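One structure below.
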Amino acid sequence: MRSEVRKSMPLLSISVVMQLTDLTARQIRYYEEQGFITPARTAGNQRKFSLNDVDILFDIKDLVDDQMNMASVRKIFAMRAQQKQEEQDNEALRRMMREEHLRAQRLKTTSIRQGDLSRFY
DNA sequence: ATTCTCACA
DNA sequence: TGTGAGCA
């Protein structure tokens with residue numbers, strides 16, 4: 001259909017695309033470099049974007065935003081996990097120290113000889 | 001005035 | 001990705 005032709009017609013300057021997509025010129029050029037869009041060029045080597053290009057840029061932007069959100073979520077989860085891990089480690093350490101303390105007291109008050117005590121380890 | 005490529009105190 | 005340089 002001719003709509004594809006229209007959508008692919010190169011007529012937007014980079015400044016217009018910037019305003020439309022809220023992306024920086026740097027980003028737009030970078031995405032082209034990555035092969036996501038293939039804007040046409042004028043005789044003066046200036047980019048001319050089609051509506052399809054803009055459409056793709058919107059998609060890319062959404063994906064990038066999602067990635068950032070995921071990164072944020074991961075950070076939060078990682079911090080929580082780390083915090084819990086530290087709490088568990090601390091608790092484990094306390095238990096060990098308490099065990100040590102009790103054992104030391106048993107050694108002090110018990111009449112069992114060292115040799116026999118080894119059976120409990 | 002705009003955009004382009006290239007490069008990095 | 002930002003940003004500034006030097007062109008077209």
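For clarity, every value in this text was computed on a predicted model and none was experimentally measured. Order of the sequence lines fixes the chain letters, A, B, ..., with proteins taken first and strands second; residue numbering starts at 1 for each chain.
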A/R47 side-chain N/O to B/dC4 phosphate OP1/OP2 under 4.0 Å
yes

Look through every strand shown and name the nucleotide pairing with B/dT2 as Watson-Crick or G-U wobble, where both distances are under 3.5 Å.
C/dA8

Would you state whether a donor and an acceptor, one from the side chain of A/R26 and one from the base of C/dT3, lie under 3.5 Å apart?
yes

Euclidean distance, atom CD1 of residue A/I28 to atom C1' of B/dT3 [Å, nearest integer]
12 Å

Taking atom types as modelled, find out whether A/Q85 and A/D89 have a side-chain donor-acceptor pair closer than 3.5 angstrom.
yes

Between A/K48 and A/P39 (side chain of the first, backbone of the second, donor and acceptor by atom type, cut-off under 3.5 Å), is there such a pair?
no

Does the side chain of A/Y31 reach to within under 4.5 Å of the side chain of A/V64, using non-hydrogen atoms?
yes

So A/R29, base contact, sugar-phosphate only, or nothing? Heavy-atom distance under 4.0 Å.
base

Which whole-number value in Å describes the distance from A/E33 CD to B/dT3 C1'?
16 Å

So if I take every side-chain heavy atom of A/T24 and compare against B/dC4, B/dT3, C/dG2, which nucleotide ends up nearest?
C/dG2

Searching all strands shown, indicate the nucleotide that pairs with B/dA9 (Watson-Crick or G-U wobble; both distances under 3.5 Å).
none

Could you give me the CA-CA distance, side-chain angles and deciding distance for A/E33 and A/R29, then say whether salt bridge (charged side-chain N to carboxylate O under 4.0 Å, His left out) is met?
CA-CA 6 Å; A/E33 188 181 318; A/R29 293 175 184 135; over 6 Å; no

For C/dT1, take OP1 and OP2 only and decide whether either is under 4.0 Å from a side-chain N or O of A/Y31.
yes

Among B/dT3, B/dC4, C/dT1, which nucleotide has an atom closest to any side-chain atom of A/R41?
B/dC4

Atom NZ of A/K48 and atom P of B/dT2: how far apart are they, to the nearest Å?
13 Å

Taking the side chain from A/D53 and the backbone from A/S50, do they hold a donor-acceptor pair closer than 3.5 Å?
yes

Check whether any side-chain nitrogen or oxygen of A/Q46 sits under 4.0 Å from OP1 or OP2 of B/dC4, and answer yes or no.
no

Between A/L12 (CG) and B/dT3 (P), how many Å, whole number?
12 Å

Rounded to whole Å, CD of A/Q27 lies from P of B/dT5 at a distance of 17 Å

Find the distance A/E32:CD to C/dT1:P and express it as a whole number of Å.
15 Å

